[in-house]
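If you're wondering where the values come from, they're calculated on a predicted model, not measured in any experiment. In what follows, chains carry the letters A, B, and so on, assigned in the order in which the sequence lines appear, proteins first and then strands, with residues in each chain numbered from 1.
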Amino acid sequence: MIDFPKNYDFSVSELKWQKFWEEKKLYESHPDPAKKKFSIVIPPPNVTGILHFGHMLNNTIQDIYSRWKRMEGYEVCWVPGMDHAGIATQVMVEKELAKEGKTKYDLGREKFIELVWDWKEKNGGVILKQLRKLGASVDWSKERFTFDEGLSNNVRKVFVDLYKKGLIYRGNRIVNWDSVSQTVISDDEIFYEERNDKLYFLKYFLENSDAYIPIATTRPETLFGDTAVAVNPDDERYKMFKNKRVILPFLNKLIPVIEDSYVDMTFGTGALKITPAHDINDFEVGQRHKLEAITVIDRNSRLNKNTGEFEGLDIPEAREKIIESLKKLNLWIKEEDLIHNVALSDRTKAVIETSLSEQWFVNMKKLAEPAIEVVENGLIKFYPERYTKVYFHWMKNIRDWCISRQLWWGHQIPIWYNKNSGDIYCDINPPEDLENWRQDEDVLDTWFSSWLWPLSVFGWENSENDKQNEVLNYYYPTDFLSTAPEIIFLWVARMIMAGMEYMKQIPFKEVYFHSTVRDGKGVKMSKSLGNFSDAISLMDKYGTDSMRFTIVYLAPLGNDVLFDEEKTQIGRNFVTKLWNAGRFIMMTKDKLSDLKVDQLQDYKEDLIDKWIESRYNSTLINAERYLSEYRLNDYTKTIYSFVWSDFCDWYIELIKIKINEYSNYSHTIITSAVNYYEKILKILHPVIPFVTEELWHLIEEGREDKSISFERIQKSVKNGIDLTSEENFETFKEIVTSIRNLKVENNISAKTPSQIKIISSDQKFEDKITTFKDYIIKLCNLETLEFLKSIDSSEKYGTAVINNYEIFLLLTDGAASAVDVSKLEKEIEGLEKYVAGLQKKLSNQNFLEKAEGVIIDKEKQKLIEAEQKLIKMKSLINNS
RNA sequence: GGGCGGUUAGCUCAGUUGGUUAGAGCGCUACGUUGACAUCGUAGAGGUCAUUGGUUCGAAUCCAUUACCGCCCACCA
């Protein structure tokens with residue numbers, strides 16, 4: 001006899017199995033040519049990261065596929081790891097330093113990097129511990145870090161290779177400069193904030209004339225960098241200025257008036273000053289018109305030597321002084337209030353200065369071509385499918401990738417400049433006579449290492465040896481990638497490009513973009529908004545399985561998850577239900593184990609057995625289908641309803657009757673119940689791994705060294721569905737529900753034994769019912785259940801009319817009135833409308849000519865049934 | 001501003017190629033607790049499928065329009 005606790009203690013169980021799985025190295029994978037493989041690489045979380053709801057959802061999804069495929073017999077490999085996350089990590093350590101009143105410059109580059117490594121060893125990687133807590137069945141022996149040696153080598157190799165192919169170049173481009181962190185940041189690290197600002201109107205006088213062109217600008221301090229004034233070619237107002245020159249204030253320099261359709265005639269004055277060095281659009285206009293780009297703001301956001309008397313001033317100061325001077329010079333018109341978006345740095349909240357800077361770029365056009373093709377050809381599929389459009393739009397308009405970052409924590413660019421000759425040396429290893437060379441100070445964008453992730457984690461070396469790389473050849477391409485939609489360009493698209501360039505093969509076959517997790521009101525969860533519940537503490541409170549189940553249950557493909565603490569009930573209640581069903585089965589098994597052999601008889605299968613087998617097969621077919629379509633919520637829902645509605649509400653209740661009435665069958669009955677229960681545990685294991693492992697061990701002795709995660713889930717079989725049994729069972733449920741309802745309506749306690757009479761026009765109906773007559777009697781607590789041709793009208797009855805049969809509940813003394821007339825009338829009214837609608841449809845020539853025969857027959861059948869029902873209901877009302 | 005989605009019961013969502021009196025879970029209401037489970041059971045009430053128009057014998061489903069919501073991209077001097 002197994003001790004089966006009344007309550008499930010998830011905290012003990014989860015720790016136990018987490019340890020068991022890892023210590024036994026169950027999920028370590030090795031290439032096995034005899035088996036089909038299934039491989040996934042984790043989207044490497046930041047080394048600074050902690051597990052939030054997005055991670056919980058994403059890693060649960062990956063775990064579901066890993067576990068399901070493993071149970072289907074695949075050699076599954078799910079590779080974990082982390083990203084060194086340049087800016088995020090560096091900023092974190094810099095903040096620590098700041099507490100001691102120090103900056104990174106006090107330490108110097110080398111010492112600072114050492115410090116970051118220390119920080120990583122001590123505080124980094126919290127999220128990997130949390131992945132263990134989540135139950136992620138990853139292969140820990142393959143854990144990688146984007147900054148570890150192998151991956152760093154890969155990064156250098158790829159840089160050198162692209163450089164030698166001429167795809168990496170150094171160029172002057174407009175970049176986003178964060179003057180606080182002193183680095184260039186990408187567009188993705190910027191957010192926009194609406195601010196109240198001023199729009200200033202200035203006069204730029206025409207050369208040798210009293211006429212001026214009015215300029216509207218929010219940034220008068222950049223006028224020193226103006227190299228043109230632009231107007232729209234269609235703008236009649238400035239016709240006289242076209243192809244002439246105007247005088248730039250202060251510098252008295254002549255700049256041309258150019259025409260460019262980029263200029264919006266309706267905004268400001270319709271005349272725009274062009275400052276190619278400090279605005280992305282101006283830069284583009286400048287390129288079109290071959291204008292010079294003059295930098296006037298330095299890296300500390302101060303005006304530089306090109307601004308004459310204003311040199312050294314910061315921006316607000318300079319702006320004020322410039323306006324003052326313009327007024328004195330009579331170059332001032334007016335100012336207006338303006339609400340516009342200001343770009344700010346995600347990390348430092350500093351106002352972003354767009355300025356011209358020398359950076360390293362990757363030319364993306366060539367790399368993008370094959371990456372577009374493989375998605376067009378369907379070699380890579382996106383779920384939800386609509387992301388393919390988003391992908392194409394971006395890929396077909398791809399811009400060059402600025403890969404240099406002015407940080408210390410990251411892969412330093414493998415470029416050396418000769419101190420004497422200025423020659424450039426680019427190689428994986430430093431030049432031999434190092435004292436004559438100076439390495440480029442910049443590091444590479446973090447994504448420059450993560451775009452190689454699917455190759456590098458499997459030991460890619462970009463050499464001839466690759467062909468002998470058994471591990472890489474076995475696992476690449478991976479089968480599945482699950483990630484957040486916001487990194488489709490930053491990461492997903494780039495991995496495809498790297499995969500095509502270096503493996504000549506796609507990096508993954510299917511990409512799932514998971515739901516964004518929002519709070520109950522639909523607001524994206526974030527720490528700053530304070531609507532952020534701590535995922536880990538909720539796991540402690542409700543159990544990991546409950547959280548996993550709930551979050552997947554709430555995550556439909558392509559939609560957001562609206563999550564709040566209250567909703568964890570779904571998962572928690574389900575886990576409890578599953579536990580209690582197991583407890584019932586085990587208790588019953590124990591109780592019946594005393595039965596002697598001579599008490600057993602041959603077990604006769606009945607409707608229940610056929611029905612539950614069919615329901616199981618339907619559930620399995622659905623589960624497989626939903627998983628293959630990445631409809632994870634439907635996968636959980638279909639199993640949920642099988643377990644709760646079919647197995648617990650009906651199957652177990654009927655088992656109870658079988659056992660109480662025919663205890664001599666019970667061994668077979670309980671064997672069968674255990675069998676279905678184990679099947680349930682298996683198909684649920686991918687989503688709720690801990691409790692299913694616990695239950696699987698409790699349900700049968702002798703499994704100490706085994707894990708449910710290696711039990712096989714057999715593929716579904718189509719002919720496992722028995723529609724007749726399912727339909728008959730539905731009729732059975734319909735009768736039971738109707739009788740229970742009749743009792744409630746007539747104020748008869750469920751416990752009171754009642755007499756039921758059923759009248760049917762269908763001769764076969766009685767035969768059909770007979771097979772489950774006894775179950776009806778027991779479930780509804782009946783004294784008698786009779787089939788009659790007519791009813792004794794001297795008695796009072798509660799009645800239910802159901803299609804081709806009627807149920808009569810005999811009302812004994814003191815029972816309430818037999819028929820609720822008003823309710824019945826309402827029903828009749830609805831039914832009459834329905835019948836009229838059908839009649840109209842069936843007398844419509846067009847319908848009869850154009851609709852398919854099957855449809856017409858179906859409608860005719862509906863009409864017959866409805867008319868029958870109507871007649872019965874009317875007679876009911878007449879009799880009352 | 002450009003692109004892409006969405007709008008079905010109080011809430012969150014299903015609804016296959018147009019042919020149901022439109023479904024589920026949660027919530028709500030009533031009743032029910034000594035034998036798996038009150039984290040439960042039984043039963044019930046709830047929707048003119050966002051608007052308007054069109055295609056069709058027939059529209060939640062296809063097309064167009066409007067309104068609102070969301071996401072992504074670009075960012076306006």
For the pair [X] and [Y], find out whether any cationic side-chain nitrogen is under 4.0 Å from an anionic carboxylate oxygen.
X: A:K862; Y: A:E859; value: yes
X: A:E829; Y: A:K826; value: no
X: A:R288; Y: A:E284; value: no
X: A:K872; Y: A:E867; value: no
X: A:K567; Y: A:E565; value: no

Which range-with-range stems can be found for RNA chain B when each stem has 3 or more Watson-Crick or G-U pairs in a row and both distances sit under 3.5 Å?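 Paired runs of 3+ in RNA chain B: B:1-7 with B:67-73, B:10-13 with B:23-26, B:28-32 with B:40-44, B:52-54 with B:62-64.
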
Can you tell me how far [atom2] of [N] sits from [atom1] of [X], to the nearest Å?
X: A:F513; N: B:G5; atom1: CZ; atom2: C1'; answer: 15 Å
X: A:K869; N: B:U21; atom1: NZ; atom2: C1'; answer: 9 Å
X: A:L848; N: B:G19; atom1: CG; atom2: P; answer: 18 Å
X: A:I398; N: B:C73; atom1: CD1; atom2: P; answer: 14 Å
X: A:I748; N: B:A43; atom1: CD1; atom2: P; answer: 16 Å
X: A:D197; N: B:C76; atom1: CG; atom2: C1'; answer: 13 Å
X: A:L695; N: B:A36; atom1: CG; atom2: P; answer: 17 Å

At under 4.0 Å, does any side-chain N or O of [X] touch on OP1 or OP2 of [N]?
X: A:T737; N: B:U42; result: no
X: A:R572; N: B:U39; result: no
X: A:K396; N: B:G3; result: no
X: A:N573; N: B:C37; result: no

Quick check, are the ring centers of [X] and [Y] under 6.0 angstrom apart?
X: A:Y387; Y: A:Y391; answer: no
X: A:Y640; Y: A:F574; answer: yes
X: A:Y626; Y: A:Y635; answer: no
X: A:F4; Y: A:W579; answer: yes

If we take the [atom1] atom in both [N] and [M], what is their distance in whole Å?
N: B:A60; M: B:G6; atom1: C1'; result: 14 Å
N: B:U20; M: B:C62; atom1: P; result: 15 Å
N: B:U16; M: B:C73; atom1: C1'; result: 33 Å
N: B:U66; M: B:G19; atom1: P; result: 28 Å

Please list, pair by pair, any protein nitrogen or oxygen found under 3.5 Å from a nitrogen or oxygen in nucleotides 23-34 of chain B.
from	atom 1	to	atom 2	distance (Å)
B:G25	O2'	A:Y553	OH	3.4

Do you know which of A:F732, A:Y676, A:F642 makes ring-ring contact (aromatic ring centres under 6.0 Å, His included) with A:W650?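 With A:W650 as partner, ring-ring contact (aromatic ring centres under 6.0 Å, His included) holds for just one option, A:F732.
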
Donor/acceptor link under 3.5 angstrom from A:K389 side chain onto base of B:C4: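 Not at all, since no donor on one side and acceptor on the other fall under 3.5 Å apart.
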
Need to verify one output field. Residue with the more 5' nearest nucleotide on RNA chain B, A:K656 or A:I280?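 Nearer the 5' end of the strand: A:K656.
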
Whichever of A:E852 and A:W650 has its nearest RNA chain B nucleotide further upstream toward 5':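 Checking each residue's closest nucleotide, the 5'-ward one belongs to A:E852.
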
